[in-house]
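Note on naming: letters A, B, ... go to the chains in the order of the sequence lines (proteins, then strands), and numbering restarts at 1 for each one.
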Amino acid sequence: MTFFADILAATFRNATPLVYGTVGETYTERAGVLNLGIEGTMYAGAFFGFATAYHTGDPWLGLLGAIIVGLIAGALMALLTVTLGANQHVSGLGLTIVLIGLSEFANRLMFSGGSLARITPMPLWDPLGSLGEPGTLGGQVATVAHQYGLTYLAFLVVVPVAWWVLMKTPLGLSIRAVGENPEAADVAGINVFRIRYIALMIGGAFMAVGGAFITLAMLGTFTLDIIAGRGWVVIALVIFGRWSIFRGVLGALIFAAVYSLGLRLRITPGFEAIPNEIMLALPYVIVILALALSGRNVPYPGAYLKPYRRS
Amino acid sequence: VTLEMRRMAENRLGRAGIIALGAVVTILAVTGGAFVVAGANPLDAYYAYFVAPLTREFTLLEVLNKATPILFTGTAVAIAFRAGYWNIGVEGQLLMGAVAAAGIGQLVDGWPSPLVLPLMVAAGALAGAAWALVPALLRVRLGIDEVVTTLLLNPVALLIVQALLHGPWKDPETGFPESPRIAEAAEFPPLSEFIPLIGRSRLHLGFVVAVVLILIAWWVLSRTGTGLRVRAVGLSPRGARFAGIKVERTLLRVALVSGAIAGIAGVSEVAGIQFRLTEGVSPGFGYTGIVVAMLGGLTMPGVLVAGLLLGDLSVGASSAVRSLQIPSQLGDVVQGTLLLVVVGAVAIYRWRTSREDERPPDEGEPQPDEPAGQPPSETSPT
């Protein structure tokens with residue numbers, strides 16, 4: 001019975017883009033900025049990461065390209081919402097429109113839009129080696145451990161380090177301070193504008209890596225509508241996680257488990273009658289339900305949505 | 001005092017001019033760069049995008065045609081945003097309206113058109129409002145942020161459309177994911193049938209409906225007590241509550257009206273353009289509606305102008321694919337750039353102006369002055 005091992009393995013894989021996104025969005029929102037540009041940032045990370053990898057032949061350079069795009073996207077969001085103090089909802093949505101438009105425009109110029117350019121995707125890792133025949137317990141553990149390097153990086157390095165930086169270092173304290181009470185942070189000598197720029201740029205880089213994971217590792221190619229609302233899911237996960245990275249990651253795992261179960265049931269005898277689309281819609285419905293059950297009276301960051309201006 | 005006020009007014013005018021100039025320069029620099037990358041002369045490209053569509057009757061009518069869906073969605077978004085209700089689910093609400101129109105359109109073969117058309121519009125409005133109901137209830141009852149819930153319901157709505165088109169509504173003859181063609185009585189007639197001056201074009205009844213809706217919305221928002229309450233809630237929910245306005249009820253109604261208008265947009269596309277439900281019935285009209293609403297300053301005359309401008313841009317962008325070999329996707333980039341630059345420019349102007357008046361800096365946009373997670377207990381009458 002490899003059913004559960006398969007689903008568990010797929011859960012970690014499908015959760016990976018969401019985990020990067022959740023870490024990124026948690027950073028920006030903890031600094032007081034709702035970044036609805038996440039959908040576009042993930043999209044641009046996916047495309048420009050892929051394009052860089054395609055032209056250099058190296059998926060790791062592609063990842064670097066995605067990080068740079070994410071930093072730029074974060075800085076642009078900061079220019080709008082931090083320096084100019086523009087409305088965060090509209091700035092984020094506008095950024096998403098621009099970034100998706102730019103990616104598809106560049107896709108059209110570089111790959112004529114329709115051509116199926118492919119790269120050699122990042123390899124899967126087997127850190128535990130072979131633990132036995134498929135079907136045995138060892139084989140099932142090996143199935144679950146059979147993951148991309150970026151997945152290991154996400155769960156074993158990025159999540160704990162991002163948590164540690166946010167909760168235990170002076171930089172993290174500054175980020176939380178400017179998101180909670182920028183006036184007090186300013187009085188305490190923290191440069192509110194600089195910290196918000198930093199948080200938005202770090203956040204943008206993580207979002208872009210989440211998108212690039214899909215093209216550089218999972219698919220090895222770029223297709224239109226590749227993010228398909230994952231960015232919006234992350235926005236929900238951050239609220240569900242009450243701005244805690246670990247709780248947000250837990251939410252990402254739950255979402256990915258439902259998603260992976262749905263994909264698996266499609267090819268499971270006895271479930272063919274259920275339309276595929278219902279399986280695909282289920283995770284979104286579950287997220288909304290989870291918000292309805294747990295999203296009451298959540299403690300939004302104190303300066304959420306509020307631009308800061310020195311008077 | 002009069003002199004002082006006049007100088008201040010002139011100051012503001014001058015500043016608005018400078019900021020507007022800066023905005024135009026920024027837009028030209030960004031989009032001009034993109035045109036150069038695409039291998040086109042920017043001046044030719046601007047002409048093709050914005051002027052050329054207005055020079056011939058056929059393309060001019062097509063501009064109105066392309067403006068039709070985004071006039072609906074822009075109105076839907078603007079009404080909701082004016083009340084501080086962030087309905088970002090117009091895309092999904094539109095799709096539900098389209099589903100309703102395609103469903104009814106298949107059933108009414110042989111019915112009289114004057115009965116069918118109002119029925120379809122009503123059904124589409126109801127479907128759109130129904131899709132908007134759950135996020136609205138979650139917001140006003142439980143304080144759940146409507147941004148997230150409305151956004152997440154958009155992919156769900158698209159999946160419902162796809163499930164219908166790959167399942168029960170799949171075209172039995174071709175096997176394409178398209179619903180059967182709607183009955184003739186259910187088609188919005190082209191305007192050239194009524195107005196002899198209009199040449200042959202796809203422009204249909206939906207455009208008239210959209211303009212009438214905008215007029216009604218303008219009148220309600222600016223001339224009635226209901227409109228005053230909506231605007232008051234958008235400016236300051238707390239203040240509105242002190243003034244005795246039932247904030248939750250206002251938000252709920254605004255959300256439903258917004259969803260209903262979005263639903264009618266779906267009806268208009270199915271009944272006037274596609275004549276069937278397709279997966280591509282909306283290439284993001286709901287999101288473009290946000291651009292239209294913001295460019296229009298959340299006012300109804302503004303929505304009308306912005307909708308026509310983006311209709312112009314849409315026709316220009318698709319004809320420039322042939323004439324100048326510019327990928328059509330650049331139209332979206334121009335659109336998004338317009339939005340970002342205008343939003344940024346407005347923010348600068350409001351900040352400078354409010355600083356001059358020595359008022360405490362306000363937030364620039366109508367925003368709820370309470371976090372979305374506000375417990376409803378405080379709001380209910382005790």
Under 30°, 30 to 60°, or over 60°: which ring-plane class applies to A:Phe47 and A:Phe111, parallel, tilted or perpendicular?
perpendicular

Tell me which of these, B:Gln335, B:His166, B:Gln162, has more heavy-atom pairs under 4.5 Å with chain A than the rest.
B:Gln162

Non-hydrogen atoms of chain A under 4.5 Å away: do they reach the side chain of B:Val37, the backbone, both or neither?
both

Check B:Asn87 against B:Ala80 and note the closest heavy-atom contact, atom names and distance.
CB-CB, 3.8 Å

Mind checking whether A:Trp232 and A:Tyr284 have ring centres under 6.0 Å apart?
no

Only pairs of heavy atoms separated by less than 4.5 Å count here; which of A:Ala236, A:Pro299, A:Gly94 has the most with chain B?
A:Gly94

Given a strict heavy-atom distance threshold of 4.5 Å, which part of A:Leu291 is in contact with chain B: side chain, backbone, both, or neither?
both

Go through the atoms of B:Ala345 and report whether side chain, backbone, both or neither lie under 4.5 Å from a heavy atom of chain A.
neither

A:Glu25 versus A:Leu34: any side-chain heavy-atom pair under 4.5 Å?
yes

Which atoms of A:Leu36 approach chain B - backbone, side chain, both or neither, heavy atom under 4.5 Å
side chain

Answer with side chain, backbone, both or neither: which region of B:Leu152 has an atom nearer than 4.5 Å to a non-hydrogen atom of chain A?
both

Sort out for me which of A:Val287, A:Leu93, A:Ile235 touches chain B most, counting heavy-atom pairs under 4.5 Å.
A:Leu93

Kindly indicate whether a cation-pi arrangement holds for A:Arg247 with A:Phe240, taking the cut-offs as under 6.0 Å to the six-membered ring centre and within 45° of the axis.
yes

Heavy-atom pairs under 4.5 Å with chain A: which of B:Leu151, B:Val134, B:Asn154 has the most?
B:Leu151

When the 4.5 angstrom heavy-atom criterion is applied to B:Leu340 and chain A, the contacting part is both

If you count heavy-atom pairs under 4.5 Å with chain A, which of B:Ile290, B:Leu330, B:Ile160 comes out on top?
B:Leu330

Is it true that A:Tyr197 and A:Thr83 share a donor-acceptor pair across their side chains at a distance under 3.5 Å?
yes

Could you tell me which portion of B:Ile88 (side chain, backbone, both or neither) has an atom closer than 4.5 angstrom to a non-hydrogen atom of chain A?
side chain

Leading residue by heavy atom contact count with chain B [cutoff under 4.5 Å; candidates A:Pro283, A:Gly302, A:Gly101]
A:Gly101

Hey, would you say the A:Tyr43 and A:Phe222 ring centroids sit under 6.0 Å apart?
yes

Ranking A:Ile97, A:Ile288, A:Val90, A:Leu102 by heavy-atom pairs under 4.5 Å to chain B gives rank one to A:Val90

Do A:Phe255 and A:Asn14 have side-chain heavy atoms sitting under 4.5 Å apart?
no

Decide yes or no for B:Leu165 and B:Val161: does some side-chain heavy atom of the first lie under 4.5 Å from some side-chain heavy atom of the second?
yes

Could you have a look at A:Ala292, A:Gly229, A:Pro275 and say which one has the most heavy-atom pairs with chain B under 4.5 angstrom?
A:Ala292

Sort A:Ile239 into side chain, backbone, both or neither according to what part of it lies under 4.5 angstrom from a heavy atom of chain B.
side chain

Flag side-chain contact, heavy atom, 4.5 Å: A:His55 against A:Met110
yes

